[in-house]
Amino acid sequence: MADYIPSTRDWVRDQVELYEGSGGTNGLTLRDTGLPVIIVTNTGRRTGAVRKTPLMRVMDGDNYILVASQGGAPKHPVWYHNLKAQPNVEIRDETVVRSMQVREIPESPERARLWEIAVAAFPPYQEYQNKTDRLIPVFVTEATA
Ligand code: F42
């Protein structure tokens, strides 16, 4: 079993500790927004370590939409590259943990549809897109058998 290496960002690490440490009963929202968060367990593409990334919970039916916004920063978050290299992840949604596979959706009408759903769920995504030159990546999940 690979080691878990926590995020270097205090607020992110703290949220993961609270969320996972409570078995998915505490620390479930982004700060005081009341908006739900999931924890995506992914594999470090260089270290092979276990990485845990909280993201907003955005649903398209039974599938999760993962938005690599990183607050509109100029570069993709590191987890984006981890997911491209190793698309098998675990998603914790409150008390439920499932193995899922993710795929990035290239620019297309399908991506536009998913983006609309994401912005409806978390309006700051649009502000983040407006302030960066990169097209913010969008992944969707499919449950693995
Ligand atoms: N970020 C989003 O992009 N979208 C969201 O919807 C979102 C919601 C959210 C809600 C709650 C919350 O607490 C955080 C939220 N975040 C959201 C922030 C998100 O959890 C990430 O912290 C953020 O996107 C930055 O991701 P990152 O992967 O760039 O993380 C950085 C800070 C980090 O911890 N980096 C590690 C480090 O040590 O600096 C590296 C981690 C890593 O995977 N390393 C790789 C390895 O092999 O282990 C090597 C990677 C390489 O290629 O070098």
Side-chain angles (χ1 to χ4, degrees), residues 1-107 110-142:
M1 195 43 191
D3 284 340
Y4 164 52
I5 306 182
S7 172
T8 48
R9 289 187 191 164
D10 288 354
W11 68 279
V12 172
R13 193 182 55 228
D14 290 351
Q15 174 143 38
V16 171
E17 267 172 29
L18 194 58
Y19 202 126
E20 296 252 324
S22 66
T25 59
N26 208 347
L28 307 179
T29 62
L30 173 66
R31 299 197 183 101
D32 55 359
T33 61
L35 295 173
V37 167
I38 56 173
I39 306 285
V40 179
T41 299
N42 54 100
T43 306
R45 67 169 173 168
R46 292 183 214 278
T47 59
V50 175
R51 301 286 186 179
K52 291 184 180 283
T53 308
L55 298 176
M56 303 316 295
R57 181 174 70 204
V58 183
M59 304 301 298
D60 177 33
D62 289 339
N63 295 328
Y64 294 86
I65 302 172
L66 312 183
V67 180
S69 56
Q70 192 172 195
K75 285 192 172 172
H76 295 332
V78 176
W79 65 264
Y80 165 81
H81 301 287
N82 290 343
L83 264 50
K84 292 296 283 184
Q86 173 49 271
N88 295 313
V89 298
E90 236 177 45
I91 294 194
R92 174 182 280 281
D93 185 350
E94 303 194 345
T95 57
V96 179
V97 182
R98 265 172 295 184
S99 294
M100 313 279 272
Q101 205 161 40
V102 300
R103 66 192 163 92
E104 186 181 6
I105 306 299
E107 200 165 7
E110 175 63 357
R111 185 195 173 281
R113 186 184 73 81
L114 297 171
W115 180 255
E116 233 176 80
I117 295 171
V119 171
F122 187 62
Y125 282 146
Q126 190 58 56
E127 292 162 34
Y128 300 159
Q129 181 60 81
N130 295 346
K131 78 179 206 198
T132 183
D133 290 337
R134 67 188 173 95
L135 183 67
I136 290 179
V138 171
F139 293 90
V140 289
T141 60
E142 288 156 356

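Ligands are counted one by one from 1 in listed order, and the atoms in each one are counted from 1 as well.
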*Does H81 reach ligand 1 with a nitrogen or oxygen that is under 3.5 Å from one of the ligand's nitrogen or oxygen atoms?*
no
*At what distance, to the nearest 0.5 angstrom, does CD of E116 lie from CG of D60?*
11.5 Å
*With atom 44 (N) of ligand 1 as the reference point, say which of R51, Q70, R13, K52 has the nearest heavy atom.*
R51
*asked:* Can you check which of T8, V16, N42 brings a heavy atom nearest to atom 33 (C) of ligand 1?
replied: T8
*Nearest heavy-atom pair of Y125 and V119: which atoms, and what distance?*
CB-CG2, 4.2 Å
*Short list, please: which atoms of ligand 1 are under 4.0 Å from a heavy atom of R45?*
46 (C), 47 (O), 51 (C), 52 (O)
*asked:* What protein heavy atom lies closest to atom 53 (O) of ligand 1? Include the residue and the distance to one decimal.
replied: R46 NE, 2.9 Å
_For T53, the ligand 1 atoms whose distance to one of its heavy atoms is below 4.0 Å_ = 19 (C), 20 (O)
*Considering distance alone, does some N or O of V67 sit under 3.5 Å from an N or O of ligand 1?*
yes
*Please confirm whether M56 comes within less than 3.5 Å of ligand 1 when only nitrogen or oxygen atoms on both sides are compared.*
yes
*asked:* Test your reading of the structure: does V12 have an N or O sitting under 3.5 Å from an N or O of ligand 1?
replied: no
*Hey, does W11 sit under 4.0 Å from ligand 1 if you only count heavy atoms?*
yes
*Heavy-atom nearest option to atom 7 (C) of ligand 1, drawn from T29, L55, L35*: L55
*Return yes or no for this condition: an N or O of P54 is under 3.5 Å from an N or O of ligand 1.*
yes
_Residue portion contacting ligand 1 (non-hydrogen atoms closer than 4.0 Å) for F122_ = neither
_Contact with ligand 1 for Y80, non-hydrogen, under 4.0 angstrom_ = no
_Option nearest atom 43 (O) of ligand 1 (shortest heavy-atom distance, choices N82, T47, I136)_ = N82
